[in-house]
Amino acid sequence: RLLAVRRMILAETIAERVDALEEILPMQRDDFAGIFRAMSGLPVTIRLLDPPLHEFLPHGDDEAKQLALDLRMPLDELRRKVDDLREVNPMLGHRGCRLGITYPEIYRVQTRAIIEAACETASEGAIIEAACETASEGVRARPEIMVPLVGGVREFQTLRELIDTTARSVMKECGRRVRYTVGTMIEVPRAALNAGRIASVADFFSFGTNDLTQMTMALSRDDSGRFLPEYVEKGILSDDPFVTLDVEGVGELIRIAVAAARKTRPDLKIGICGEHGGDPRSVRFCDAEGFDYVSCSPFRVPIARLASAQAVLEAG
C-alpha cells in the first residue's frame, strides 16, 4: 500500500497519478467497509487527505535506495523529486484541501471509496436497518465526509461539488442511494471569521483546535514546549493552550464562528476534534457554546464522557 501511495505522490502526470490511485482505491474501499460494519449505524466521520505529501516519502538514505529499486527509478531522480516536494513550513503549505484543489483526482478517488463501501455494506446481511433507500437490509452506513484546512467558502464549495458529483456517479453505478453529509474542519482563523458563509453550503463543522490554536497564537505545537512552561509558571498564560483551550483568544474565535454559523443554519451540527476534546475544562466550554459532540483520541474518551456528563449536570 505504501508503495502505491508513494507512486501516486511521485507521479509527474495526471495519468500516472490516476493509475496509482486506481491501485489504492480497493484498499481504501475495504478499509471504509470494515469501519462501517464495525460502527453498525453510527455516524463515521472521514477526513479526506490532510498531511503534506512529503510525510509519506523516505527520510533516510537506505529507505530512499530501496524505494528507487522498487520503483525502478534512478536514485538521483528520486532524490530530485523528493527535494522538489520539500517545504520550508509544510504545515502551512501544500496540505489539506489544497491537495484536493490542485490534485482533484485524489479526493475524487477517496470519495468513490467511501460511497462504494457504503453501497457494498448496505447490500450485505441484515446487521441493522437499511443504509439506502433502495435497500431492504444491510448495514446502515452513515458517512460524514470532512474537508480539512478550508479557509473560505469558495474553497469548500469547489470541493463539495467534486464530492457530490462523484457520489452521485457511484450511486448511479451501484443502483443505490446512500445518505451522506459533507462538512469541514474549522482550523484556520479565516474560516472561523467566514463561518456564516461556509455554513450556507456545509452540513457540519468540526473545530480542529490543535491547528486553530497554532495559527491563532503563532505557536508551534511541536516546538513551544521549550518555553510554554515558563509562561504558565509566570502567569502569562493560565494553562498550556495545547492542553486546555485558550478561551480568551481561540475560544473567542470559536464563539464568533458558532454564532455566525448558527445564524445562517440553526441546525448545523458542530463539534470539536483534537486533544482539547478530552480536556474537562475545554469540554465544559464546548457544552456552554452549544456544541453537539466532542471528539478526541481513544485513551481520552472516558475523561471526555465524564466531563460531558458533568457539564450537562452543571448546566442544570
Side-chain angles (χ1 to χ4, degrees), residues 1-40 42-59 63-64 66-73 78 81-82 85 94-100 102-125 127 131-132 138-149 159 162-176 178 180-182 297-298:
R1 177 180 303 206
L2 181 57
L3 183 59
V5 170
R6 287 171 166 175
R7 279 183 54 232
M8 182 271 292
I9 293 169
L10 295 168
E12 292 192 339
T13 67
I14 294 177
E16 289 177 356
R17 190 173 300 110
V18 168
D19 183 60
L21 285 165
E22 287 298 319
E23 186 178 343
I24 296 168
L25 173 61
M27 303 177 199
Q28 285 233 296
R29 182 176 59 234
D30 290 347
D31 288 342
F32 295 140
I35 293 170
F36 293 147
R37 293 186 190 103
M39 292 298 283
S40 294
L42 296 172
V44 177
T45 304
I46 300 169
R47 179 171 58 177
L48 298 180
L49 184 64
D50 187 8
L53 296 180
H54 77 92
E55 288 195 2
F56 299 96
L57 296 176
H59 299 291
E63 196 178 359
Q66 184 59 53
L67 180 59
L69 286 173
D70 292 338
L71 296 178
R72 299 179 182 178
M73 176 187 297
L78 174 63
K81 289 186 174 184
V82 171
L85 286 166
H94 197 186
R95 57 168 284 225
C97 66
R98 298 160 190 172
L99 294 170
T102 54
Y103 304 132
E105 54 273 13
I106 295 178
Y107 278 13
R108 190 176 294 117
V109 164
Q110 285 196 292
T111 301
R112 172 170 284 275
I114 293 166
I115 303 301
E116 284 185 357
C119 290
E120 174 187 315
T121 53
S123 65
E124 294 177 350
I127 298 176
C132 311
V139 176
R140 184 170 178 257
R142 295 177 57 189
E144 299 181 342
I145 302 173
M146 186 162 67
V147 181
L149 211 74
L159 292 171
L162 180 149
I163 291 166
D164 287 339
T165 300
T166 303
R168 284 194 296 268
S169 176
V170 173
M171 288 188 284
K172 185 176 180 180
E173 293 169 15
C174 295
R176 297 190 179 280
V178 176
Y180 67 94
T181 56
V182 184
S297 54

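Sequence positions, counted from 1, serve as the residue numbers for this chain.
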Considering all heavy atoms of both residues, which atom of [X] and which atom of [Y] are nearest to each other, and what is their separation?
X	Y	value
M39	P43	CE-O, 3.7 Å
P58	A64	CB-N, 3.7 Å
R95	P52	CB-N, 3.8 Å
G96	Y107	O-OH, 3.0 Å
A20	A4	CB-O, 3.8 Å

The test is side chain to side chain contact (heavy atoms under 4.5 Å, CB included); show your working for V18 and V109 and say whether it passes. CA-CA 9 Å; V18 168; V109 164; over 6 Å; no
Side chain to side chain contact (heavy atoms under 4.5 Å, CB included) evaluation trace for Y103 with L49: CA-CA 11 Å; Y103 304 132; L49 184 64; over 6 Å; no
Does the side chain to side chain contact (heavy atoms under 4.5 Å, CB included) test come out yes or no for R17 and M8, once each step is laid out? CA-CA 5 Å; R17 190 173 300 110; M8 182 271 292; 3.6 Å; yes
Going by the angle between their ring planes, with limits at 30° and 60°, are H54 and H59 parallel, tilted or perpendicular?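 The rings of H54 and H59 stand perpendicular, inter-plane angle above 60°.
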Quick check against the 3.5 Å criterion: does [X] have a side-chain atom that pairs as donor or acceptor with the backbone of [Y]?
X	Y	result
E16	E12	yes
S169	T165	no
R6	F56	yes

Looking at [atom1] of [X] and [atom2] of [Y], how far apart are the two atoms once the value is rounded to the nearest 0.5 Å?
X	Y	atom1	atom2	value
R112	Q28	CZ	CD	13.5 Å
R72	L78	CZ	CG	15.5 Å
T121	E116	OG1	CD	11.5 Å
I9	L57	CD1	CG	5.0 Å
L99	L149	CG	CG	9.0 Å
R29	I115	CZ	CD1	13.0 Å

Between R1 and I24, is the side chain to side chain contact (heavy atoms under 4.5 Å, CB included) condition met? List the steps. CA-CA 7 Å; R1 177 180 303 206; I24 296 168; 5.7 Å; no
For E144, the option from I114, T45, I46 that meets side-chain contact (heavy atoms from CB on, under 4.5 Å):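 Checked I114, T45, I46 against E144; only one passes side-chain contact (heavy atoms from CB on, under 4.5 Å): T45.
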With respect to I145, which candidate in I163, T181, D164 satisfies the side-chain contact (heavy atoms from CB on, under 4.5 Å) definition?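 Of the listed residues I163, T181, D164, the side-chain contact (heavy atoms from CB on, under 4.5 Å) partner of I145 is I163.
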Are there over 12 heavy-atom neighbours, none belonging to L3, within less than 6.0 Å of that residue's CG?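 Correct, the count exceeds 12.
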Is the shortest heavy-atom distance from the side chain of V178 to the side chain of V170 under 4.5 Å?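 SC-SC contact between V178 and V170 ruled out.
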Are side-chain heavy atoms of I106 and L48 found at a separation under 4.5 Å?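 A side-chain contact under 4.5 Å is absent here.
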Can we say R7 and E23 salt-bridge, meaning some charged N sits less than 4.0 Å from an Asp/Glu carboxylate O?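 Yes, this pair counts.
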Whether E120 and R37 form a salt bridge (side-chain N of Lys/Arg under 4.0 Å from carboxylate O of Asp/Glu) is what I want to check.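 Salt bridge present between R37 and E120.
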